[in-house]
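Heads up: the structure comes next, in structure tokens.
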Amino acid sequence: MLDEAFFRRDAVAVAQDLLGCVLLHGDVGGIIVETEAYRDDPASHAVLRGPRGRLMRETYGRLYVYLIYGMHYCLNFTTDAGGPGAVLIRAVAPTHGLDRMQARVLRPLPPHELARGPGRLCRAFGIGREHNGDRVGDRVSVLPRQGRPAIATSPRIGITKGRDLLWRFYIPDEPSVSRFR
DNA sequence: CAAGTGATTAGCT
DNA sequence: GCTAATCACTTGT
């Protein structure tokens, strides 16, 4: 299982190294296929003065879970390389507990869509605000990958500032990767 | 393409 | 204290 030392690095490196790892929560799990890095950049929540920004600035190896647009949760892991950092988990290819995921999502979905996109991922995995601040490994854990997957790069999705940075990473030709807009 | 949804935050008073 | 703006998304038309 990945420990805190793994996350005590730059968010961009962690984002790339999480691809191919297995995300686990209880009896559901899958392979991480899409991530985004955030650190001290215009789109980062590190600038927020409240508890959300503080988690990014002052911790590593913790879950940062927040509600977005009033209805979706997003899962991040905090990182640290001497500055603020977090990695958004955008998509997972389900491997375990698919029936459990089906039961949690709003409507029937093909397996590769169950955890495609950050909001759906949290819903399928049963991750919400109660997990915010958890240490990785408490309830949600990550298993190391075997081998090194191919990695593709793009701008991050859904942001208005910081579009020049190529900090989205994904495994090419993976059907569980969200559609590029 | 537009609506839906509510917590968080900054910027006032 | 209060208010308004913002928001790392998904779904259905």
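Numbers restart at 1 for each chain; the letters A, B, ... are given by sequence-line order, proteins then strands. All values reported here derive from a predicted model rather than from experimental measurement.
How far CZ of A:Phe7 is from CG of A:Asp17: 10.0 Å, rounded to the nearest 0.5 Å. Summarising the geometry, atom CG belonging to A:Leu109 is positioned 6.0 Å from atom CD belonging to A:Gln102; distances are rounded to the nearest 0.5 Å. Interatomic distance, OG of A:Ser176 versus CZ of A:Arg120, reported as 10.5 Å (0.5 Å rounding).
Here the P atom of nucleotide B:dT8 and the CG atom of A:Leu55 are 13 Å apart, to the nearest Å. Atom CG of A:Asn132 and atom P of B:dA7 are 14 Å apart (whole Å). One atom, OH of A:Tyr73, and another, P of B:dG6, lie 10 Å apart when rounded to the nearest Å. In this structure, A:Ile157 places its CD1 atom 13 Å from C1' of C:dT10, rounding to the nearest Å. Rounded to whole Å, the distance from CD1 on A:Ile68 to C1' on B:dG4 is 14 Å. To the nearest angstrom, C1' of C:dT10 lies 11 Å from OH of A:Tyr69. Remark: P of C:dA8 and CG of A:Leu18 are 20 Å apart, rounded to the nearest angstrom. One can place CG of A:Leu106 at 16 Å from P of B:dG4, the figure rounded to the nearest angstrom.
In the region residues 41-51 of chain A, proximity to DNA chain C at under 4.0 angstrom, judged on heavy atoms, holds for A:Ala43, A:His45.
Both A:Arg107 and A:Glu36 lie near DNA chain C, and the one whose nearest nucleotide falls closer to the 5' end is A:Glu36. Comparing A:Leu109 and A:Lys161 along DNA chain C, the residue whose closest nucleotide (by nearest heavy atom) sits nearer the 5' end is A:Lys161. If you find the closest nucleotide of DNA chain B to A:His72 and to A:Gly53, the one lying nearer the 5' end belongs to A:His72.
Residues A:Val33 and A:Leu24 share a hydrophobic cluster, clusters being chains of Ile/Leu/Val/Met/Phe/Trp/Tyr side chains in contact below 4.5 Å. The cluster map of Ile, Leu, Val, Met, Phe, Trp and Tyr, joined by side-chain heavy atoms under 4.5 Å apart, puts A:Ile31 and A:Leu88 in different clusters.
Cation-pi geometry between A:Arg156 and A:Tyr38 is met: under 6.0 angstrom from the ring centre, within 45 degrees of the axis. A:Phe125 does not carry A:Arg123 over the face of its six-membered ring by the limits of under 6.0 Å from the centre and within 45° of the normal.
A:Arg52 and A:Tyr64 are linked by a side-chain donor-acceptor pair at a separation below 3.5 angstrom, with hydrogens and angles left out of the test. Using a 3.5 Å distance cut-off with no hydrogens or angles, the side chains of A:Arg168 and A:Ser154 do pair a donor with an acceptor.
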**Request:** Map every base of DNA chain B to its dot-bracket character, where paired means a Watson-Crick or G-U wobble contact with both distances under 3.5 Å and | marks a partner outside the strand.
**Result:** ||||.|||||||.
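Nearest nucleotide to the side chain of A:Leu67, out of B:dG6, B:dG4, B:dT8: B:dG6.
Between C:dT10 and A:Arg116, no contact under 4.0 Å exists linking OP1 or OP2 to a side-chain N or O. Here A:Arg123 does not reach the OP1 or OP2 of C:dT10: none of its side-chain N or O atoms lies under 4.0 Å away. Contact check, A:Arg52 against B:dA7: no side-chain N or O comes under 4.0 Å of OP1 or OP2.
For A:Tyr66 against C:dA8, a side-chain-to-base donor-acceptor contact under 3.5 Å is present.
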All N/O contacts under 3.5 Å from nucleotides 11-13 of chain B to the protein, with atom names and distances to one decimal?
none

**Prompt:** Can A:His131 and A:Tyr73 be said to form a ring pair (Phe, Tyr, Trp, His ring centres under 6.0 Å), step by step?
**Reply:** CA-CA 11 Å; A:His131 300 275; A:Tyr73 289 99; 9.4 Å; no
**salt bridge (Lys or Arg N to Asp or Glu O under 4.0 Å) assessment of A:Asp134 paired with A:Arg62** = CA-CA 5 Å; A:Asp134 267 22; A:Arg62 304 289 191 114; over 6 Å; no
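Considering all non-hydrogen atoms of both residues, A:Tyr60 and A:Thr79 come closest at CB-C, 3.6 Å.
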